[in-house]
Amino acid sequence: MLEAAIYRTKIKRMKKFLLSLLLSFLFFNFSSALLAQTSKDKMLEQINKYRSVEKEKIYLHLNRSLLLKGDQLAFTAYLINEIDHTPVSTNSNLYLTITNASKEVIRKEIYPVESGIATGVIEIDSTYTAGQYTLRAYSKYMKQFEEPYHFTENFQVMDTGSPEQLAMAVHDRIDVQFLPESGQFLSGAINNVGVIAKNELGYGVSGGKILIKKMNGDLINVINLNEFGIGKFSFLPVTGERYIADLEYDYKSIRVDFKPEVQREGVIFSTSEKDSELEIMVKTNDHTLRSVSPELSLIIQGKKRLLNFDIRFSGHKNMALRVPMKDLDPGINIITLFNDRNQPVAERLVFNFEGFDPISPKKVQSRFTGDSLQIRIPFQQNIEGSLSISVLPQKTVSYNRNHSIISHFHLQPYLRGNIENGGWYFMDPSARKKEELDKLLITQGWSSYDWKWVFNRETGKIVKTPDNFSFTARIPAKDQGRKNLRYMLHGSGNNGPQVIEIPNGADSFVFEGFVPVEGDNLNISRIEPNNLLVPANLSIIFEPNRFTDAPTTQTPMRYLVRAENKDLAESIYNYELLNKDTEILEEVNLFGKTAQSPKERE
């Protein structure tokens with residue numbers, strides 16, 4: 001009986017212990033879930049806070065890309081808000097720098113921006129030698145962001161020399177990169193892989209193909225490259241397996257490096273558009289299911305919308321998610337996969353053409369009328385805006401841009417790398433162009449977002465301060481006690497004359513309406529009570545009085561004259577040779593008699 005009583009006591013204690021253990025376990029799980037949810041909510045709050053910060057983008061319409069000495073590089077700059085693409089409402093300054101091939105800054109200029117537009121002309125004078133130059137344009141506010149919202153592009157200056165100073169499309173050194181969709185190779189899962197082959201100038205190797213093989217020579221895949229050297233293939237990598245790849249182009253075959261770093265565990269995803277839906281396939285492998293938390297978050301963010309999905313594998317290696325394209329923002333969308341610690345582990349960009357309808361004219365029409373050229377630019381609807389036009393011969397080599405205003409605003413700021421002929425994807429977009437754009441986005445990998453910067457940066461410290469031309473004038477002590485003190489700001493350039501009335505007792509004043517122009521003088525006189533003008537003797541401090549350094553997060557592609565235009569390029573060179581080693585001769589007067597015809601002589 002005693003043993004039975006002791007046994008029952010042990011059972012009761014064991015039940016209390018198990019109940020306590022169960023309550024502790026449930027409390028632990030509840031606390032962990034609550035902590036995870038709180039952490040996720042904080043992550044979303046930080047992302048939304050950063051998204052709500054106003055951002056600006058800029059594009060420069062240049063009149064030419066290839067210039068001779070004595071030419072003018074003219075531009076119109078468009079500064080817009082990132083979200084709605086309207087001109088920035090506050091006037092500010094545009095900073096412009098030009099650097100040579102040695103990365104030395106040879107020119108710094110500031111232009112006023114009014115209603116989102118700035119214009120300027122740069123003289124290509126004797127300070128420019130033959131070679132490539134990089135133009136960068138930006139606002140002071142853009143410097144506070146990591147994304148490449150600024151404008152950067154190369155242009156070429158021709159000088160007497162040889163036509164080879166022009167960059168031609170060459171294939172001497174080829175760089176081939178294999179870039180897995182969403183950022184990493186995962187063993188035991190089907191990986192979509194983008195491949196891009198570039199020459200030494202950064203331009204794609206057109207029309208080649210790549211053969212993927214095992215070390216024993218067994219063929220795995222053949223990838224055809226498009227005109228930009230880009231292709232895509234599916235691949236089932238195995239940890240420890242070695243592979244080889246051959247690039248075939250121009251009747252040649254070269255061995256290229258293909259050594260994928262295959263991860264034993266991880267999570268990847270792929271995307272495809274089907275029936276007006278975006279299908280996102282999140283994938284993992286057996287090893288990951290046994291060792292990694294299955295709770296993930298997938299976030300899709302466009303310019304205005306942010307969609308959040310919880311991902312749980314529940315013992316399965318693949319999970320499919322379908323999102324209607326109409327639920328995504330038109331244009332670029334960034335898809336990011338976060339683990340249970342809210343760390344980004346995979347990312348992919350997609351472009352949604354549904355609802356993407358930038359205002360653009362129909363086919364531009366032109367015809368000669370006497371000595372004039374009439375240009376008709378028909379739009380489908382009445383719009384109000386600004387238009388800049390560059391008129392050049394149809395087959396000119398002096399205008400070769402890698403971006404249109406559409407591709408630069410809607411694509412380039414969200415990518416880390418350069419884009420070859422970005423405007424091509426948006427000129428009469430077809431099913432093929434949409435497919436080729438998706439291949440491009442695979443090869444770009446992660447977006448220009450720096451997630452560490454987004455999560456760690458205090459958003460409140462991103463401040464848009466006024467950046468306008470102004471000056472502060474210190475009044476001499478002997479004049480500070482004058483009543484009814486007035487100054488005359490004399491007119492110059494674009495600045496009209498103006499009378500400035502000073503409050504009694506003021507020791508200085510700030511004037512914000514003056515826009516300095518190179519070569520102009522600032523003239524100010526003090527107005528005597530009898531309206532006579534006398535020297536003002538003011539001390540002037542201009543704002544901005546320091547040039548904001550240019551962002552260098554992106555190096556543009558070199559200006560390129562394509563092979564089919566080589567004869568035209570040499571014609572430019574030969575034309576310029578007419579000015580080589582020439583001298584101005586003194587005026588010579590020739591006198592003679594008019595020759596008579598034989599009939600007249602008779």
Between [X] (side chain) and [Y] (backbone), is there a donor-acceptor pair under 3.5 Å?
X	Y	answer
Glu420	Gly204	yes
Lys103	Ala101	no
Arg416	Tyr449	yes
Asn63	Gln72	yes
Ser102	Glu104	no
Glu153	Arg136	no
Lys433	Met427	yes
Asn421	Ile419	no
Asn154	Met557	yes
Asp329	Arg305	yes

Exercise: identify the closest heavy-atom pair between [X] and [Y]:
X	Y	answer
Pro87	Asn81	O-ND2, 3.7 Å
Ala74	Val121	CB-CG2, 4.1 Å
Leu349	Tyr414	CD2-O, 3.6 Å
Asn484	Asn504	N-OD1, 3.5 Å
Gly417	Gln412	O-NE2, 3.0 Å
Ala536	Ile524	CB-O, 3.5 Å

Decide yes or no on salt bridge (charged side-chain N to carboxylate O under 4.0 Å, His left out) for Asp71 and Arg64, but give the supporting numbers first. CA-CA 10 Å; Asp71 283 342; Arg64 297 172 66 181; 3.0 Å; yes

What's the spacing between [X] [atom1] and [Y] [atom2] if we round to 0.5 Å?
X	Y	atom1	atom2	answer
Leu68	Met158	CG	CE	6.5 Å
Ile58	Ser139	CD1	OG	6.5 Å
Tyr149	Met142	OH	CE	10.0 Å
Gln156	Leu66	CD	CG	6.5 Å
Gln498	Leu489	CD	CG	6.5 Å

Examine the side chains of [X] and [Y] and answer whether a donor and an acceptor come within less than 3.5 Å of each other.
X	Y	value
Thr443	Gln177	no
Glu114	Asn91	no
Asp467	Ser92	no
Arg51	Gln301	yes
Ser470	Glu543	no
Trp424	Glu436	no
Glu147	Ser448	no
Ser388	His61	yes

If we check side-chain contact (heavy atoms from CB on, under 4.5 Å) with Leu306, which of these qualifies: Ile334, Leu44, Ile300?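 That would be Leu44.
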
So among Asp175, Leu179, Leu440, which one has a side-chain contact (heavy atoms from CB on, under 4.5 Å) with Ile196?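 Of all the options given, the one that passes is Leu179.
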
pair [X]-[Y]: side-chain heavy atoms closer than 4.5 Å:
X	Y	value
Phe228	Tyr203	no
Ile299	Ile47	yes
His403	Phe409	no
Thr129	Asn100	no
Ile332	Val350	no
Leu522	Ile540	yes
Thr548	Tyr138	yes
Phe356	His410	yes

Start with the C-alpha distance between Val499 and Ile527, add both sets of side-chain angles, then the distance that settles side chain to side chain contact (heavy atoms under 4.5 Å, CB included), and finish with yes or no. CA-CA 9 Å; Val499 174; Ile527 305 175; 4.0 Å; yes

Determine whether Ile110 and Phe469 satisfy the following criterion, side chain to side chain contact (heavy atoms under 4.5 Å, CB included), listing intermediate values before the conclusion. CA-CA 10 Å; Ile110 304 176; Phe469 286 111; 3.3 Å; yes

For [X], does the [atom1] atom sit with more than 12 other heavy atoms under 6.0 Å from it, leaving out its own atoms?
X	atom1	result
Lys478	NZ	yes
Glu54	CD	yes
Asp84	CG	yes
Lys304	NZ	no

Stepwise side chain to side chain contact (heavy atoms under 4.5 Å, CB included) test for Thr134 and Phe155: CA-CA 6 Å; Thr134 301; Phe155 64 91; over 6 Å; no

Testing Phe511, Phe471, Phe509 one by one against Tyr487 for a ring pair (Phe, Tyr, Trp, His ring centres under 6.0 Å), which residue passes?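 So the option named by the test is Phe509.
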
Identified ring pair (Phe, Tyr, Trp, His ring centres under 6.0 Å) partner of Tyr59 from the options His85, His408, His150: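 Going through the options one by one, the only one that passes is His408.
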
Does NZ or CZ of Lys464 fall inside the cone over Tyr141's six-membered ring, less than 6.0 Å from its centre and within 45° of the axis?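 Yes, Lys464 and Tyr141 form such a contact.
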
Decide, yes or no, whether a salt bridge links [X] with [Y] under the criterion of side-chain N to carboxylate O below 4.0 Å.
X	Y	answer
Lys303	Glu82	no
Asp549	Lys140	no
Glu528	Arg526	yes

Determine whether Asp479 and Arg474 satisfy the following criterion, salt bridge (charged side-chain N to carboxylate O under 4.0 Å, His left out), listing intermediate values before the conclusion. CA-CA 10 Å; Asp479 294 332; Arg474 297 284 301 178; over 6 Å; no

What verdict does the side chain to side chain contact (heavy atoms under 4.5 Å, CB included) test give for Ile406 and Tyr425, after you've listed the backbone C-alpha separation in whole Å, the side-chain angles of each residue and the deciding distance to 0.1 Å? CA-CA 10 Å; Ile406 295 177; Tyr425 299 98; over 6 Å; no

